[in-house]
2 protein chains.
Amino acid sequence: MASIKDIAKKAGVSISTVSYALNGSDKVTKETAAKILKIAEELHYVPHAAARLLKKQQSNLIGIFLTDFSGNFYGDLLQGVKEYLSGKGYDLLVCSGEKSRRLIPERMIDGAIVLDVTFSDKELLQYAEKGHKTVVLDRELLHPNVSQVLLDNKAGATLAMEYLLELGHDKIYAVTGPSGSYDANQRLRAVRQAAERAPHAQVIELQGDFGRASGEAAARVIADEYERPAAVFCLNDEMAVGAYRCFTSYTDLKIGEHIHLIGFDNIELAQFAIPRLATIDYSMRKWGAIASEQLLKMIAAQPVEAERIYVSLIKGESVGPSPSVK
Amino acid sequence: MASIKDIAKKAGVSISTVSYALNGSDKVTKETAAKILKIAEELHYVPHAAARLLKKQQSNLIGIFLTDFSGNFYGDLLQGVKEYLSGKGYDLLVCSGEKSRRLIPERMIDGAIVLDVTFSDKELLQYAEKGHKTVVLDRELLHPNVSQVLLDNKAGATLAMEYLLELGHDKIYAVTGPSGSYDANQRLRAVRQAAERAPHAQVIELQGDFGRASGEAAARVIADEYERPAAVFCLNDEMAVGAYRCFTSYTDLKIGEHIHLIGFDNIELAQFAIPRLATIDYSMRKWGAIASEQLLKMIAAQPVEAERIYVSLIKGESVGPSPSVK
DNA sequence: AGATGATATCGAAACGTTTCGATTCAGTTT
DNA sequence: AAACTGAATCGAAACGTTTCGATATCATCT
């Protein structure tokens, strides 16, 4: 493979001159630069990333760390990140699994975006302490080298609850998420606050884990004790999808009539469900873009402040008015 | 950041001794090694990836190149790759977009898995020529540094066609894929061959592009000229999903009764559709695992031979018998 | 006792860049 | 003509490793 050294030899100049020419420095004459560039082209020269990284201590690579690749969840988020970064000369590496974290201390990436509950706060702080820049998407973490872009979970859950209450529902099941999840906890808190503000309504919590199966299981419990129309707020869409499956296959309760269902996240599957699932929407793409923006700012040692991603209610036929107020 | 040099100084030994100790060489005594390891631990030493890569010319990083991150399509594939690789000490980088290809010539990754039609054969061959090892998933390419793991598209499309024909369908629409796609072309060829073998049946081709919208558009054409029950073979599920949308919202044709629908890929959305979409299934996970296996073999300069991923028919209520044979 | 060999350690080169400071060589000023 | 300036180029060090060959040390064999 051709290296800068080969170019230097062929051009009859020193290595440093080649380097300057290749980097567009104005220290070299136009003619020399042109000659060098031409030879580089001929030799199909491509700089060796490792050598450059070793010297410059920056790779122009950003890592995003996810719990797993499965599910449709991350597509738009990644797209948002990628779009933003590629405009700035950075490339994105999608990483998953404990082992890939080595990329951080090994200084392979210039910064990390983290959406992975299996990453402990402690570990993140440790990296931050060593100077690695990080944007977290699933927790709050106070450190000069860490910034956060969080969903407005509270607003979303409140929106969902108020929607149900306004339609006259007074028996509401809340299918919760894993207790280790920041988003799940935030949403649950908002549900409880809404419940307190509506003492006439009965709010029943059922434990879920954000997985589809847990939504299905919760739905089964609800179906088994069914007496009268009720509403179900699944704290994410994935569980709502599970609930759909149960209600349509296991019972003959009609969604949007006998049982009312609302989710959170507006995943693709939800958009496709029949009847349309009511849910809380937000822009994943924007989430990714803002996270990237913050990360690059931190890398450039510019000040950043935590941001929040706003959410909105999407109505759907999966929620109808309570028959009691008809 | 602590380097090997700092350890050497603190331990009072030479740099090379530290390197040997850290790499578990038996050239150093147990005691020296223990002392060095202890100091490395204290100093939170982590090797600098760039330095090591520069010297060893290998990163233990594999890149997988995808057209985009969107859609649910790749989840299991990535999972399969990751699982296989992480057992072998390799990490996976998921790359998308033209710019990220620089990682190959810059020697940042030890090998590449490619499932990205925007990659030209020419470009791939160029890399191969320079010694970069590649496994391609979406084309056939003859080069000692390239290996391929392909779907058995022909078998799948044949399976689907025969299923429809057996059920008595004699008017079959085939919604095709983009002409640049290897998979689309293979499937289409098999459709045409099946059509030739069944001269009594009428097979009508409609151009699609594997995108959901094109499936929806094709369905609209079909609906507009609808006279009698017909079957539709969408050459991938994504288009079948689009067709669902059209048939259920735009017409009152009942899927599986008035109009029969079969897809290819068995994507998650298809599994969830009501009625269940008939389709062609294969293991994405296995696809990824085999591709990784081949790549590592090539890197280790072991011989490999092209493999094929087998497919199977999944029946679903979206296809019923033709009323003409009832 | 001197030669031999094995073992543990070391020094230095190499990987491919970037970049600082030094050098050369015009052209300009006095 | 000597001294000075600035531009173009060069040499060498540095980034953090690995690894080859050399050296030092010590026990063993004759």
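Below, chains carry the letters A, B, ... as their sequence lines are ordered, and counting in each starts from 1.
- Atom CG in B:Asp26 sits about 15 Å away from atom P in C:dA6, given to the nearest Å.
- Of the candidates B:Ile62, B:Leu93, B:Asn60, B:Ile64, B:Leu93 is the only one forming a side-chain contact (heavy atoms from CB on, under 4.5 Å) with B:Ile109.
- When the C1' atom of C:dT17 is taken as reference, atom OH of A:Tyr45 falls 7 Å away, rounded to whole Å.
- Looking at heavy-atom distances under 4.0 Å, A:Val18 makes no contact with the nucleic acid at all.
- One can place NZ of A:Lys5 at 8 Å from C1' of C:dC15, the figure rounded to the nearest angstrom.
- Spacing between atom NZ of B:Lys56 and atom P of C:dA13 amounts to 22 Å, rounded to whole angstrom units.
- At the heavy-atom level, B:Ser3 lies under 4.0 Å from the strands shown only through sugar-phosphate atoms.
- Between B:Thr29 and C:dT9 there is a side-chain N or O to OP1 or OP2 distance below 4.0 Å.
- Computed from coordinates, the A:Met1 CE to C:dA14 P distance equals 21 Å when rounded to whole Å.
- Looking at every heavy atom in both residues, A:Phe210 comes nearest to A:Ser181 through CE2-OG, 3.9 Å.
- In terms of position on DNA chain D, the residue among B:Thr17 and B:Ala50 whose nearest nucleotide sits closer to the 5' end is B:Ala50.
- The side chain of B:Arg52 contributes an N or O atom lying less than 4.0 Å from OP1 or OP2 of D:dT18.
- At the phosphate of C:dT18, neither OP1 nor OP2 sits under 4.0 Å from any side-chain N or O atom of A:Ser16.
- Distance from the side chain of B:Ser14 is smallest to C:dC10 among C:dT18, C:dC10, D:dT17.
- In this model, the phosphate group of D:dT18 is approached by a side-chain N or O of B:Ser19 to a distance below 4.0 Å at OP1 or OP2.
- Remark: C1' of D:dT17 and CE of A:Met108 are 14 Å apart, rounded to the nearest angstrom.
- Between the side chain of A:Lys55 and the base of D:dA14 there is at least one donor-acceptor pair of N/O atoms closer than 3.5 Å.
- A:Ala291 and A:Leu137 make their closest contact through CB-CD1, 3.9 Å (heavy atoms, listed as atom of the first residue, atom of the second, distance).
- Mapped onto DNA chain D by nearest heavy atom, B:Lys27 and B:Leu54 fall at different nucleotides, with B:Leu54 at the one closer to the 5' end.
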*asked:* For a side-chain contact (heavy atoms from CB on, under 4.5 Å) check, start with the C-alpha distance between B:Gln294 and B:Val149, then their side-chain angles and the critical distance, and finish with the verdict.
replied: CA-CA 9 Å; B:Gln294 294 216 352; B:Val149 186; 3.9 Å; yes
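- Taking atom CD of residue A:Glu31 and atom P of nucleotide D:dT9, one finds them 8 Å apart after rounding to whole Å.
- Using a 4.0 Å heavy-atom cutoff across all strands shown, B:Ile15 reaches at least one base atom of the nucleic acid.
- No option in B:Glu98, B:Glu123, B:Arg101 other than B:Arg101 meets the side-chain hydrogen bond (donor to acceptor under 3.5 Å, both in side chains) test with B:Thr118.
- When the P atom of D:dG16 is taken as reference, atom CD of B:Gln57 falls 18 Å away, rounded to whole Å.
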